[in-house]
Enquirer: 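Mind looking over this structure? Questions follow.
Indexing begins at 1, ligand by ligand and atom by atom, following the structure's order. Quick note: numbers below take in every heavy atom, side chains included, and nothing from hydrogens, waters or symmetry partners.
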Amino acid sequence: MFKWLAPRPATPQPEALAARIAAAQDPNLATLSFQKFHDLIPSPQAAIDIFKGRWASSFPELDPPVVAGGSPLFTIDHRPRQAGAAFGGETARLDGFKVVELGPLEGGHTYQLEELGADVIAIEGNAEAYLKCLIAKEILGMNSKFLLGDFIKYLEAVEQPFDLVFASGVLYHMVQPLRLIELICQASDRAFLWTHYYDPERCTVFQGAVIEHAGLSVEHFRKGYGDQTHGQFWGGLADAACWLPRDEILRAFQAFGHSQVEVLETNLDHPAGPCFTIVTSR
Ligand SMILES: C[S@@+](CC[C@H](N)C(=O)[O-])C[C@H]1O[C@@H](n2cnc3c(N)ncnc32)[C@H](O)[C@@H]1O
């Protein structure tokens, strides 16, 4: 007897199949994949497009112009200039300063610190971000040194002190934020820090627990990252991070030897949570 055959499920396209297999094996898409062979006319844009659609920063004006991301981290973002104004005296420059920058992402602040005269070593733990830093370095002719790895391990091993630690956007990505503050204070007599912080009225979905570190007993507020597969994840190396309350951050810098702590700017209404900018020194 004739029987209708059950319709066969549509065969997925090879790319969709590859993406599904990759997602099953690597749920956070923590491994990189990009096209290997490029038979284009060589150009800065061709190098930027290795990571097309995955850049955070826009580049400075170039001739011809290039298209990357939307954040003006190489240009308008004023955090490097704030560090220059805080530590550079009348000139507000950082000429000759040996700076260690933690988590440069794509090198935007690195570029600005270099423009202010600093001699920068920047430590980046995300290989995609690190490769973007190298692309930016090549396109913009930067001299800074970029290293791939965990800046905690770098600071633990470093012997020569730096003139300044520049730590923008990293403290709130730490599982042990007090350890990072301790290491920053050991690595230099001066620090610039921009970070989100925990505020009970504005931060929800965090889990609180008191954690001891180096004689300090501080309530930490932990939050998981959730989806990291969208190609615009610029977070930490673990799958969660602990935020500290504002005053505990200030108290920790003082406890670890940076007795001078100045709050330069506070923004309670940042879409990602309250944040502030501080400069500290011994
Ligand atoms: C939110 S982004 C901040 C980027 C930039 N500094 C800024 O302020 O715009 C955090 C950066 O720090 C890097 N990062 C986080 N934890 C790190 C660690 N333990 N070692 C090295 N890099 C880390 C991330 O990969 C990311 O590039």
Enquirer: Write none if no such pair exists; otherwise list each N/O atom of ligand 1 with its protein N/O partner under 3.5 Å and the distance.
Expert:
| unit_1 | atom_1 | unit_2 | atom_2 | d |
| --- | --- | --- | --- | --- |
| ligand 1 | 6 (N) | Gly103 | O | 2.8 |
| ligand 1 | 6 (N) | Ser168 | O | 2.8 |
| ligand 1 | 8 (O) | Ser168 | O | 3.1 |
| ligand 1 | 8 (O) | Ser168 | OG | 2.6 |
| ligand 1 | 19 (N) | Asp150 | OD1 | 2.9 |
| ligand 1 | 20 (N) | Phe151 | N | 2.9 |
| ligand 1 | 22 (N) | Gly125 | N | 3.0 |
| ligand 1 | 25 (O) | Glu124 | OE2 | 2.5 |
| ligand 1 | 27 (O) | Glu124 | OE1 | 2.7 |
| ligand 1 | 27 (O) | Glu124 | OE2 | 3.1 |

Enquirer: Of all residues at least two apart in sequence or in a different chain, which pass the side-chain contact (heavy atoms from CB on, under 4.5 Å) check with Asp95?
Expert: Arg93

Enquirer: Sequence neighbours excluded, which residues qualify as side-chain contact (heavy atoms from CB on, under 4.5 Å) partners of Ser259?
Expert: none

Enquirer: Suppose the criterion is side-chain hydrogen bond (donor to acceptor under 3.5 Å, both in side chains): which pairs have a residue in residues 117-128, not counting sequence neighbours?
Expert: Arg54-Glu128

Enquirer: Can you confirm if the aromatic rings of Trp243 and Tyr172 lie within a centre distance of less than 6.0 Å?
Expert: yes

Enquirer: If I compare all heavy atoms of Ile48 with all of Val67, which pair ends up nearest, and what's the gap?
Expert: CG2-O, 3.4 Å

Enquirer: Have a look at Phe192 and tell me which of Thr280, Thr277, Ile184 forms a side-chain contact (heavy atoms from CB on, under 4.5 Å) with it.
Expert: Thr277

